[in-house]
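Note on naming: letters A, B, ... go to the chains in the order of the sequence lines (proteins, then strands), and numbering restarts at 1 for each one. Bear in mind the structure is a predicted one, so any value in this text is a computation, not a measurement.
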Amino acid sequence: MPELPEVETTCRGIAPHLMGRRIDGVVVREHRLRWPVAPQLVYQMPGLGVRRISRRAKYLLLETDNGCLIVHLGMSGSLRVVPHNKQPDKHDHVDLVLDDGNCLRLRDPRRFGCMVWSDGKPTQHPLLADLGPEPWDEKFSGEYLYRLAGKRKVAVKNFIMDAHKVVGVGNIYANEALFAAGIDPRRAAGRISKKRYQRLAQAIIDVLDAAIEQGGTTLRDFVNSDGEPGYFSLELKVYDREGDDCTNCGRPIKREVIGQRSTFFCNRCQR
DNA sequence: AGAGGTACCTGGCAGC
DNA sequence: TGCTGCCAGGTACCTC
């Protein structure tokens, strides 16, 4: 389940194999992703050169000479560069055939991902236009979160997972960042001090940085690899550790459902 | 406008 | 062993 660090790692992994290449063709074996695979892939992409690969939130942007492919990996998606004649597996839904005999292959068993097209600036696409800042953006800070929280009653965990506030904080990292900042995930967003938001903002950045670094060091080959990029072996302190000892105080980690999502925390260390 | 809930999808697992 | 049923997750979209 790709969270932002895995998307970033994918972006870095595939970029060298795509930059400057030409798309010779596109094969869509299954168009039923979250939204139907954009028809432009088939009628517009062939013949175009790849100019730039980048990431915005959890979206990968593949800019060409004439339009931009926007890819989201959903929960189970992955992208790899493989020889085009390699036999696709059941869940290999789309190939972008490159001019060097390889292809960029999208695999997505659960089909929560998407491949949509943007003719203009991808950042103005409806999916991207209203997103909050990247955690590394200078716009993002504890002050920013504090201001946005106002008097809102929503649980702080849901608040930081809202991509319209700040992008890239999925369930795993929301749990980890709140633990690092010592904040109870159930606490109302509007009832947290500016100072504690400053700690939280830094925790979000730190936890994502650490995961991206892990991704970089444990990066599997994005070419000719059968394996999935795999989960970063980042040491998680609370996520999926219900009943285990808190690494800080030794008390058992609690699990509770907040906003229909599993939430893990230490109710002694997080207030 | 904010808050809360639902849908989408399938591999993997627990329980029978 | 084989079946059923539930869960995981990101995000758009629905309703109140």
> Counting side-chain heavy atoms from C-beta on, which of C/dA12, C/dG10, B/dG2 comes nearest to A/Trp35?
Replying inline: C/dA12
> In whole angstroms, how far is the P atom of C/dT11 from the CG atom of A/Asp108?
Replying inline: 13 Å
> Is it the case that A/Asn175 and A/Lys237 place a side-chain donor and acceptor less than 3.5 Å from each other?
Replying inline: no
>> Nearest whole Å is fine: how far is B/dG4 P from A/Asp162 CG?
In response: 13 Å
> Pick the nucleotide of DNA chain C nearest each of A/Arg255 and A/Ala57; which residue has the one closer to the 5' end?
Replying inline: A/Arg255
> With a 4.0 Å cut-off on heavy atoms, is A/Lys90 in touch with a base, just the backbone sugar-phosphate, or nothing at all?
Replying inline: sugar-phosphate
>> Given the structure, check if the side chain of A/Arg110 and the base of C/dA8 hold any donor-acceptor pair shorter than 3.5 Å.
In response: yes
> Side chains of A/Asp89 and A/His91: is there a donor and an acceptor less than 3.5 Å apart?
Replying inline: no
> Are A/Asp24 and A/Arg22 close enough for a salt bridge, meaning some N to O gap below 4.0 Å?
Replying inline: yes
>> Just N and O in the side chain of A/His91: are any of them under 4.0 Å from OP1 or OP2 of B/dG11?
In response: yes
> Less than 4.5 Å apart, any side-chain heavy atom of A/Leu4 and any of A/Glu134?
Replying inline: yes
> Relative to the 5' end of DNA chain B, which residue comes earlier, A/Ala155 or A/Arg261, by the nucleotide with the nearest heavy atom?
Replying inline: A/Ala155
> Across the strands shown, which category fits A/Arg111 at heavy-atom distances under 4.0 angstrom: base, sugar-phosphate, nothing?
Replying inline: sugar-phosphate
> For A/Phe159, which contact category applies under a 4.0 Å heavy-atom criterion: base, sugar-phosphate, or nothing?
Replying inline: nothing
>> If I take atom CZ in residue A/Phe112 and atom P in nucleotide C/dA12, what distance separates them, rounded to the nearest angstrom?
In response: 13 Å
>> In whole Å, I'd like the distance from the CE atom of A/Met115 to the C1' atom of C/dG10.
In response: 17 Å
>> So, does A/Ser76 get its side chain near the phosphate of B/dT10, meaning an N or O under 4.0 Å from OP1 or OP2?
In response: no
>> Of the listed nucleotides (B/dT6, C/dG10, B/dG4), which one gets closest to any side-chain atom of A/Gln260?
In response: B/dT6
> Could you give the NE2-to-C1' distance, from A/His72 to C/dA12, as a whole number of Å?
Replying inline: 11 Å
>> Could you tell me how far apart A/Arg107 (CZ) and B/dG11 (P) are, to the nearest whole angstrom?
In response: 9 Å
> Between C/dA12, B/dG5, C/dT11, which one does the side chain of A/His164 approach most closely?
Replying inline: C/dA12
> Does A/Arg152 place a side-chain N or O at less than 4.0 Å from the phosphate oxygens OP1/OP2 of B/dA3?
Replying inline: yes
> With a 4.0 Å cut-off, would you call A/Lys139 and A/Asp137 a salt bridge?
Replying inline: no
> How close or far is atom C1' of C/dA8 from atom CD of A/Glu3, stated in whole angstroms?
Replying inline: 12 Å
> Between atom CD in A/Glu242 and atom P in C/dC7, what is the gap in whole Å?
Replying inline: 13 Å
